[in-house]
K.L.:
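Following this message is one structure expressed as C-alpha cells.
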Protein chains: 2
Amino acid sequence: MTRVGGRGTGPAAPRSVDVARLAGVSQKTVSRVLNGERYVSDEVRRRVLEAAEELGYRLNNAARALASGRTRSIGVVTLGTALYGPASLLIGIERAARDAGYALRVVNTLEGDPGGVVGAVESLLEQGVDGIVVSEPIDEGAVSLSVDVPVLVLGAPAAFGGPRVVAAGVGAELLARAATEHLLDLGHVTVHHLAGPQRWFAARDRLHGWRAALTARDREQPPVIEGDWSAASGYAAGRELAHDSSLTAVFAANDDMAIGLIRALADAGLRVPDDVSVVGFDDIPVSAYVTPPLTTVRQPFDAVAHDGLRLLVQAIEKPDVELPPPNDPPVELVLRASTAPPSPRKTGRSTRSTASGPRGGAHAPPAADEASSTD
Amino acid sequence: MTRVGGRGTGPAAPRSVDVARLAGVSQKTVSRVLNGERYVSDEVRRRVLEAAEELGYRLNNAARALASGRTRSIGVVTLGTALYGPASLLIGIERAARDAGYALRVVNTLEGDPGGVVGAVESLLEQGVDGIVVSEPIDEGAVSLSVDVPVLVLGAPAAFGGPRVVAAGVGAELLARAATEHLLDLGHVTVHHLAGPQRWFAARDRLHGWRAALTARDREQPPVIEGDWSAASGYAAGRELAHDSSLTAVFAANDDMAIGLIRALADAGLRVPDDVSVVGFDDIPVSAYVTPPLTTVRQPFDAVAHDGLRLLVQAIEKPDVELPPPNDPPVELVLRASTAPPSPRKTGRSTRSTASGPRGGAHAPPAADEASSTD
DNA sequence: TTGAAAGCGCTAACAG
DNA sequence: CTGTTAGCGCTTTCAA
C-alpha cells in the first residue's frame with residue numbers, strides 16, 4: 001500500500017516556516033535547501049530534509065512563482081487531434097520538458113478556430129509559463145507573437161514573427177525528398193503526390209520535399225491531390241488516381257492516407273506494388289502489418305522534441321547566449337513491401353503482372369523491415 | 001497581422017493597481033470586474049474593462065492562486081504513449097476541462113516506472129492543481145491516494161483507494177461483451193480472445209466483457225492469448241492461433257492487434273472473414289480501410305471525458321453535494337467486413353471457401369459502414 | 001455598490 | 001555559511 005501525501009484532510013498544509021521551526025533554522029535556509037543552493041552545511045541540509053519529510057511538506061508553487069517571477073513550466077499549443085504525428089510530438093515534448101525540470105501546460109486549438117494559436121498563447125501566458133511551444137501549427141495568416149517569453153515553433157519554420165520566436169523544423173522536407181527519391185531510384189519515371197491539407201505547414205513541407213526531388217532530376221510533376229490526412233481522403237484520392245494511366249508511384253503525405261489509397265487502388269483492380277508503388281509518411285505502428293506492409297519514412301519525434309526543447313530552455317534561462325542552430329534530424333526510410341520497380345510495361349495494368357517485386361511482394365514477413373539511414 | 005500581448009520587452013507588466021488607477025477605482029473593484037462578481041455598476045465595469053484593454057493587462061495567475069488557494073487547473077496523469085485510446089481521451093479531457101474553465105497540467109508516466117502514478121500525482125500536487133485525472137492507468141498494486149484534492153480515475157474503477165477518489169469506467173466491459181455477442185450471434189460456437197496486457201485495467205475490462213458474453217451463453221472459453229496492444233504482438237498471436245483448428249472467431253482487445261492478427265492469419269493461408277472472423281476494439285481511423293475493413297467497437301472517448309470531468313469539477317466546487325452516478329456510455333458496434341457467419345464446415349479451412357460473407361466480403365466499399373447502437 | 005487593510009507562502013536582496 | 005527584511009500581485013475580510 002503506497003500512500004501519497006501524509007496529512008489527512010483536516011489540518012492546513014505545512015509551510016516552509018513550519019519546516020524551519022522543526023529543523024531549528026530560518027525559513028530562508030529551508031528555501032536554500034529545497035532549491036539546492038550552495039552554502040548549506042550538510043548537517044543543516046539533513047535536518048531540513050528530515051523535518052520536511054516528517055511534516056509531509058510540499059512546496060507551494062504559486063508562492064514560489066509569485067516571488068520569483070518564474071513558473072518553471074512550459075506551455076504547449078497543439079492541435080486537438082489523435083493523429084499520430086502531433087500526439088507523438090506532444091509525448092516527446094512532455095518528456096523533454098520534464099527532463100529539463102519544467103512542468104507542462106497544454107492547450108489544444110480546435111482546427112478551424114479563428115485566431116486559434118493567438119488565443120491559446122494568450123491563455124497560456126495568463127496561466128503563467130516561462131516559455132511556449134507551438135507544435136505543428138496550421139497556417140492562420142501572418143501572426144506575430146509579441147510576447148515576453150520565448151516561443152519555440154515546431155514544424156513551421158518562419159510561421160510566426162516575434163522577437164523571441166525560435167523555429168525548429170522537423171526535417172519533414174528532407175524526409176519527403178528521401179521518400180520520393182526512393183521511388184525514383186527504383187526506376188519510376190515520376191512520382192505522384194497525395195498531399196496533406198495545405199493549411200498545415202507540415203503538409204507543405206512534404207510537398208516541397210517531393211517537388212525538390214522531382215526538380216533535381218528534371219522529372220515532370222503530376223498534379224497534386226490534396227487529402228485531409230484521413231484514410232477516407234486517401235481512399236477518395238485513390239479512386240481518382242486509378243484512372244490516371246501514367247500512375248506508377250505515389251508518395252502519400254502520411255500513412256493513413258497511404259492506407260486508404262492502397263485500398264482504393266485494390267478496389268480498382270490495381271495491385272500494390274506490382275502496378276503501383278506507394279510510400280507513406282510517419283511509420284505508424286500498424287504500417288508494417290497492413291497489406292502490403294507499407295514502405296514509409298519515420299519521423300524522429302523524440303529527437304525533434306528534445307532538440308527543440310533544449311533551444312527553448314536555453315532561451316529561457318540564458319537569454320543572452322546565441323542559440324545554436326538545430327541539427328538536422330536523421331532521415332530514416334523504412335523499406336517494406338509497398339514499393340517495387342515499375343512493371344516492365346509501364347502502362348501495363350491490363351496484364352496484371354504476376355511476378356512480385358524484388359522483395360517478395362506483399363507477403364514479406366513484417367519482421368523483415370530494413371531501415372536505411374540516409375545521413 | 002494579429003498581435004498578441006501589447007507591451008514590448010521593456011516595461012514591467014501592468015498590474016491590477018495600474019488598471020485601477022487608470023479607471024479611477026480601487027484595486028478591489030478591478031478584481032471584482034475581472035472575476036465577474038456582482039455588485040459592480042455597469043459604468044464602472046465598462047471603465048475597468050477599457051482600462052485593462054488599454055494597458056494590455058493580463059491577470060497574474062500565480063498571485064491569484066496564492067491569495068485564493070485555488071489554481072483553476074486540473075492535472076492529468078496519463079501514459080506516455082501515442083496509442084489511440086489514451087491519446088483520444090487526453091484530447092477529450094483537455095476540451096472538457098477548458099469548457100469548465102480549468103487549465104490543464106499534464107504528466108506522463110513511463111510504463112514500467114515504479115510508483116509511476118504516485119510520483120506523478122505528487123508532482124502535480126506540487127505544481128498546484130485543484131483536481132487530478134488519472135487516465136487509464138495500469139495496475140501498480142494497491143495504491144491509496146490520500147490527497148487533499150479530488151481525483152478522478154478514468155477506466156480503472158476501484159483501482160485506487162482514497163477519501164476523495166471518484167472512479168468512472170469507460171464502458172469497455174459492455175463494449176467487449178457486445179463485440180463478443182456479435183460473433184456469437186453470427187453463429188460462431190465460441191470466440192477466442194486476443195487480450196491486451198493484463199496489467200492494464202483497460203485490458204482486463206475487455207477480458208471480463210468477453211468472458212461474460214461467453215458465460216451467459218454457456219460457451220466454452222478458449223485459452224486467452226495476451227498481446228501488448230501492438231500490431232506486432234497481434235501478428236505473433238495470429239501465428240499461434242492459426243494452428244488452432246477450432247478457431248473461427250476472434251475478439252481482439254484493440255484494432256492494432258486485430259490488424260496484426262489478420263495479417264498473420266492471411267500469411268498462414270486463412271481468410272478473414274471466410275475462415276475466421278475478427279472483431280477489433282477502438283475504431284481507429286484506418287480500420288475502415290485495411291483489408292478486410294475491420295468490424296470493431298467504438299469507444300465514446302469524448303462522452304467519457306466529458307462526464308468524468310463533470311464529476312470532478314463538481315467534487316472540486318461543491319465537495320458536499322452527493323455525486324451523481326456516471327451514466328453508462330453508449331455501445332456502438334461498427335459492422336464492417338471482417339466478420340461473417342462461420343463457414344459451413346466449421347473446420348473447413350482445408351477447402352478454402354470461395355463464397356464471401358453475406359456483406360460482400362473484403363471489398364465492401366468502406367462507405368458502407370453500418371453502425372448499430374445497442375442501447 | 002465600493003474601498004482599505006491584511007495577508008497568501010515564498011524568494012530576493014542585503015547583512016552578518 | 002546563515003538570518004533579516006521586504007515585497008511579488010492578487011483575494012479576502014471587514015467597513016463604509
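Labels below follow one simple rule: chain letters A, B, ... track the order of the sequence lines, proteins then strands, and each chain is numbered from 1.
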K.L.:
Contact class for B/Val40 (heavy atom, under 4.0 Å): base, sugar-phosphate, or nothing?
P.N.:
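Sugar-phosphate contact only.
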
K.L.:
Once you round it to whole Å, what is the distance between P of D/dC10 and CZ of B/Arg21?
P.N.:
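For the pair B/Arg21 CZ and D/dC10 P, the rounded distance is 12 Å.
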
K.L.:
Any side-chain N or O of A/Thr29 below 4.0 angstrom from OP1/OP2 of D/dG3?
P.N.:
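Answer is yes, contact under 4.0 Å.
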
K.L.:
Could you tell me the separation between the CG atom of A/Leu66 and the P atom of D/dT11, rounded to a whole number of Å?
P.N.:
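Going from A/Leu66 (CG) to D/dT11 (P), I get 12 Å.
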
K.L.:
For the side chain of A/Arg64, starting at C-beta, report the closest nucleotide among D/dT2, C/dT11, D/dC10.
P.N.:
C/dT11

K.L.:
Side chain of B/Asn35 only, heavy atoms from C-beta on: which candidate in D/dT11, C/dG9, D/dG3 is closest?
P.N.:
D/dT11

K.L.:
Decide yes or no, distance alone: a donor-acceptor N/O pair under 3.5 angstrom between the base of C/dG3 and the side-chain of B/Arg32.
P.N.:
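Under the 3.5 Å cut-off, the side chain and the base do form a donor-acceptor pair.
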
K.L.:
So, OP1 or OP2 of C/dC8: does either fall under 4.0 Å of a side-chain N or O from B/Ser68?
P.N.:
no

K.L.:
Expressed as a whole number of angstroms, how long is the span from A/Arg72:CZ to C/dC10:P?
P.N.:
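About 15 Å, once rounded to whole Å.
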
K.L.:
From C-beta outward on A/Gln27, which listed nucleotide comes closest to its side chain: D/dC10, C/dT11, C/dG9?
P.N.:
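Given the options D/dC10, C/dT11, C/dG9, the side chain of A/Gln27 is closest to C/dT11.
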
K.L.:
Roughly, in whole Å, what's the span from CZ in B/Arg47 to P in C/dT2?
P.N.:
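Distance, rounded to whole Å: 9 Å.
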
K.L.:
Whole-Å distance between C/dG9 P and A/Arg70 CZ?
P.N.:
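Answer to the nearest Å: 23 Å.
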
K.L.:
Figure out the OH/P separation between A/Tyr57 and C/dG9, and round it to whole Å.
P.N.:
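A/Tyr57 atom OH is separated from C/dG9 atom P by 10 Å.
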
K.L.:
By nearest atom, which of the nucleotides C/dC10, C/dG3, D/dG9 is closest to the B/Val25 side chain?
P.N.:
C/dG3

K.L.:
Are any of A/Arg15's side-chain N or O atoms less than 4.0 Å away from OP1 or OP2 of C/dG9?
P.N.:
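For C/dG9, OP1/OP2 do have a side-chain N/O of A/Arg15 under 4.0 Å.
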
K.L.:
Tell me which of B/Val44 and A/Val30 sits closer to the 5' end of DNA chain C, going by the nucleotide each one is nearest to.
P.N.:
B/Val44

K.L.:
Is the distance from OP1 or OP2 of D/dG3 to the nearest side-chain N or O of A/Ser26 less than 4.0 Å?
P.N.:
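For D/dG3, OP1/OP2 do have a side-chain N/O of A/Ser26 under 4.0 Å.
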
K.L.:
With rounding to the nearest 0.5 angstrom, report the CZ to OG distance, A/Arg105 to B/Ser73.
P.N.:
4.5 Å

K.L.:
Roughly how far, to the nearest 0.5 Å, is CG of A/Leu312 from CZ of A/Arg164?
P.N.:
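A/Arg164 CZ to A/Leu312 CG: 9.5 Å, rounded to 0.5 Å.
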
K.L.:
For C/dC10, does either OP1 or OP2 sit under 4.0 Å from a side-chain N or O belonging to A/Ser31?
P.N.:
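False: A/Ser31 side-chain N/O out of range (4.0 Å or more) of C/dC10 OP1/OP2.
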
K.L.:
Would you compute the distance between atom CD of A/Glu136 and atom CG of A/Leu89 and round it to the nearest 0.5 angstrom?
P.N.:
5.0 Å

K.L.:
For A/Asn61, answer base if it contacts any base atom (sugar-phosphate contacts may also be present), sugar-phosphate if it contacts only those atoms, and nothing otherwise; contact means non-hydrogen atoms under 4.0 Å.
P.N.:
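Touches nothing.
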
K.L.:
Over how many whole Å does the gap from B/Lys28 atom NZ to C/dA5 atom C1' extend?
P.N.:
13 Å

K.L.:
For B/Ala62 and for B/Glu37, find the nucleotide of DNA chain D with the closest heavy atom, then tell me which residue's nucleotide is more 5'.
P.N.:
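Looking at DNA chain D, the more 5' nearest nucleotide goes with B/Ala62.
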
